[in-house]
Enquirer: 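Shown below is the structure under consideration.
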2 protein chains.
Amino acid sequence: MPRRSPTRADQLRRALEEDIFAGTLKPGDRLDEQSLAHRFEVSRTPVREALRQLSASGLVEVRPRQGAVVSVITLPRLVEMFEVMAELEAMCARLAARRMSDKERADLKRFVDECEDFEKKTDLEGYYAANKVFHDAIYDGSHNEVLADMTRSLHRRTAPYRRHQLNRPGRISESLSEHKEVVDAILAYDADQAGRLMARHVNVQGDVFTDFISTLPTGYVA
Amino acid sequence: MPRRSPTRADQLRRALEEDIFAGTLKPGDRLDEQSLAHRFEVSRTPVREALRQLSASGLVEVRPRQGAVVSVITLPRLVEMFEVMAELEAMCARLAARRMSDKERADLKRFVDECEDFEKKTDLEGYYAANKVFHDAIYDGSHNEVLADMTRSLHRRTAPYRRHQLNRPGRISESLSEHKEVVDAILAYDADQAGRLMARHVNVQGDVFTDFISTLPTGYVA
DNA sequence: AGGCTGCTTGATGTATACAAGTTGGGTCAC
DNA sequence: GTGACCCAACTTGTATACATCAAGCAGCCT
């Protein structure tokens, strides 16, 4: 088995992604090549490559001769993203209901149980992570890697914004019960129902947009 | 108005895309940085950036320390891509039926008429181009740029493969009549019908896969 | 004879140097 | 005081040089 040697550009990309997801880097923040190079103790070359990769995935925006900034998503764009997300995640759920193996179904059930544990402990950070695992399991359960990749990509792009939304009072327990419904449909091999419920689960996040927006720090949306 | 200055890396990316779509560069072909640098009379740096961009869009595959090759899509992967394409294009059509302006609808009708002209002239190359314009109009008609971009991206990734398929005898006139049906539904504001028909239009390409595969040169699929 | 080890070669990854464009501030004219 | 213009510093885009690693081959050991 050929040993994988992650290049510095790759490590950097991951580090920057982490910073963006964690909120250390906020939308609109400038990404100066020299500073980053100095901070990570590499030259500008791998920094540039990392920035281009992030640009390709939509997390940062690079304008020629003007440098890179963490993507500031306009409000209409954000609405669009949720509209597509709902459809893609619904498709994942539909396919998962039809294609998941018994083991995958058992794992899925376990994941949602873990979500419940964190909900009971009101551990926001934990729930956030468990939520991601849950959704990932459904993406993979579609047994369509192209679909899974695309959905994951959108999930990541909306991550900096979605994060703030779970702060909304009561949203977590709502989210959890929606998860349970989706899982029940999947375990019952009811593809259409699973898709419908998942679409609603994602769309709820869009429907409460007015509330949602008000929870965002200024500068997050253009 | 600040004059846009496309960087050399951008120009290069576009040139390589063209070569890939036109078939000058075939799946599996090696992309040597030095040769490309010499051929386009630039240094390796912009070549590298172009390759990374193409890698991000999925058209080429870059493995650390092993160089870049035009992506060779495995057969299961190709099936997956068509499965997602059908869903995305259907969504575009659904939204287009609801959201297209009168002008956009008029244009769409015109585009499909142009397709018909090329079909009558049995101009394969012309039909291929007109077909692209037609689909693009529907993507944009969804009035969801995120969706349009994602769909276009998948369309491009499958382009090297789809191209060979129109050679199948009778496929063009089939394709044309499917186009007409979709347009009729859109003009009638019938979103569900438009979505169904479009999904079928795309899926036909997947359903006849056994025929399709046999038309591909060896080496195209792994 | 077959397979493994080490070198050789050539490519890619990274660093640095140079060129070109953009931004910001300061000065001058009005 | 305000506006425009110009210059300078800084940032990014590109080129080139150096370091590092992966395939290929030759020779040796088993």
Side-chain angles (χ1 to χ4, degrees), chain A residues 1-20 25-72 219 222, chain B residues 1-20 25-72 219 222:
Chain A
M1 208 51 168
R3 204 176 60 76
R4 303 184 42 115
S5 67
T7 73
R8 270 158 232 217
D10 269 326
Q11 300 173 301
L12 228 95
R13 175 180 53 74
R14 254 172 262 188
L16 290 175
E17 273 178 0
E18 284 305 315
D19 280 356
I20 292 175
L25 286 171
K26 292 190 289 291
D29 281 0
R30 196 163 167 53
L31 295 169
D32 177 55
E33 294 181 0
Q34 290 200 106
S35 322
L36 290 173
H38 188 268
R39 185 172 139 218
F40 288 97
E41 296 182 322
V42 294
S43 83
R44 277 179 49 216
T45 309
V47 173
R48 282 179 67 80
E49 294 214 347
L51 289 179
R52 301 309 151 127
Q53 287 184 251
L54 290 170
S55 159
S57 71
L59 275 178
V60 316
E61 196 165 349
V62 181
R63 294 209 294 205
R65 301 267 174 204
Q66 296 187 38
V69 296
V70 180
S71 286
V72 176
Chain B
M1 200 53 151
R3 204 177 61 77
R4 305 182 41 117
S5 66
T7 72
R8 272 160 229 212
D10 269 326
Q11 300 173 303
L12 223 86
R13 175 179 55 73
R14 253 172 262 189
L16 290 176
E17 274 178 359
E18 284 305 316
D19 280 355
I20 292 176
L25 287 172
K26 292 189 289 292
D29 281 0
R30 193 155 170 51
L31 295 168
D32 177 54
E33 294 181 0
Q34 289 199 111
S35 321
L36 290 173
H38 188 268
R39 185 173 138 215
F40 288 97
E41 295 181 325
V42 295
S43 83
R44 275 180 51 215
T45 310
V47 174
R48 283 179 65 80
E49 294 214 349
L51 289 179
R52 302 308 150 127
Q53 286 184 250
L54 291 170
S55 159
S57 71
L59 275 178
V60 315
E61 195 165 348
V62 182
R63 294 209 294 204
R65 296 271 173 203
Q66 296 188 40
V69 297
V70 180
S71 286
V72 176

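All chains are named by letter (A, B, ...) in the order of the sequence lines, taking the proteins before the strands, and each is independently numbered beginning at 1.
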Enquirer: Between B:Gln34 and C:dT12, is there a side-chain N or O to OP1/OP2 distance below 4.0 Å?
Expert: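 For B:Gln34, the contact criterion (side-chain N or O under 4.0 Å from OP1 or OP2 of C:dT12) is not met.
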Enquirer: Taking atom P of C:dG10 as reference, at what distance in whole Å does atom CZ of B:Arg30 sit?
Expert: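 In whole Å, C:dG10 P lies 14 Å from B:Arg30 CZ.
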Enquirer: Check salt bridge (Lys or Arg N to Asp or Glu O under 4.0 Å) between A:Glu49 and all other residues, then give those that pass, not counting sequence neighbours.
Expert: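 A:Glu49: salt bridge (Lys or Arg N to Asp or Glu O under 4.0 Å) contacts with B:Arg48, B:Arg52.
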Enquirer: Rounded to the nearest 0.5 Å, what separation is found between the CD1 atom of B:Ile20 and the OG atom of B:Ser71?
Expert: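 These two atoms lie 8.0 Å from each other.
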Enquirer: Would you check if A:Phe40 and A:Leu12 make a side-chain contact, meaning some heavy-atom pair closer than 4.5 Å?
Expert: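 Yes, at least one pair of side-chain atoms sits under 4.5 Å.
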Enquirer: Is A:Leu25 close to A:Leu31 at the side-chain level, that is, under 4.5 Å between some pair of heavy atoms?
Expert: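 Touching, per the 4.5 Å side-chain cut-off.
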Enquirer: Report each atom pair, protein N/O against N/O of nucleotides 13-17 of chain C, whose distance is under 3.5 angstrom.
Expert:
unit_1 : atom_1 : unit_2  : atom_2 : d
C:dG13 : OP1    : B:Arg65 : N      : 3.3
C:dG13 : OP2    : B:Arg48 : NH1    : 2.5
C:dG13 : OP2    : B:Arg48 : NH2    : 3.0
C:dG13 : OP2    : B:Arg52 : NH2    : 2.7
C:dG13 : O4'    : B:Arg65 : NH2    : 3.3
C:dG13 : N7     : B:Arg44 : NH2    : 3.1
C:dG13 : O6     : B:Arg44 : NH1    : 3.2
C:dT14 : OP1    : A:Arg8  : N      : 2.7
C:dA15 : OP2    : A:Ser43 : N      : 2.6
C:dA15 : OP2    : A:Ser43 : OG     : 2.8
C:dA15 : O5'    : A:Ser43 : OG     : 3.4
C:dA15 : N7     : A:Thr45 : OG1    : 2.7

Enquirer: With B:Leu16 as reference, evaluate B:Leu59, B:Leu36, B:Val60 under the side-chain contact (heavy atoms from CB on, under 4.5 Å) test and give the passing residue.
Expert: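 That would be B:Leu36; it is the only one of B:Leu59, B:Leu36, B:Val60 passing the side-chain contact (heavy atoms from CB on, under 4.5 Å) with B:Leu16.
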Enquirer: Do B:Val70 and B:Glu61 pass the side chain to side chain contact (heavy atoms under 4.5 Å, CB included) test, and can you show the C-alpha distance, the side-chain angles, and the key distance before you say yes or no?
Expert: CA-CA 6 Å; B:Val70 180; B:Glu61 195 165 348; over 6 Å; no
Enquirer: At their closest point, which heavy atom of B:Val69 faces which heavy atom of B:Arg30, and how far apart are they?
Expert: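 Where B:Val69 meets B:Arg30 most closely, the heavy atoms are CG1-CA, 4.0 Å.
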Enquirer: Tabulate protein N/O versus nucleotide N/O from nucleotides 5-9 of chain D, keeping only pairs under 3.5 Å, one per line.
Expert:
none

Enquirer: Here's a test for you: under salt bridge (charged side-chain N to carboxylate O under 4.0 Å, His left out), which of A:Arg13, A:Arg39, A:Arg14 qualifies with A:Asp19?
Expert: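 When salt bridge (charged side-chain N to carboxylate O under 4.0 Å, His left out) is applied between A:Asp19 and each of A:Arg13, A:Arg39, A:Arg14, only A:Arg39 qualifies.
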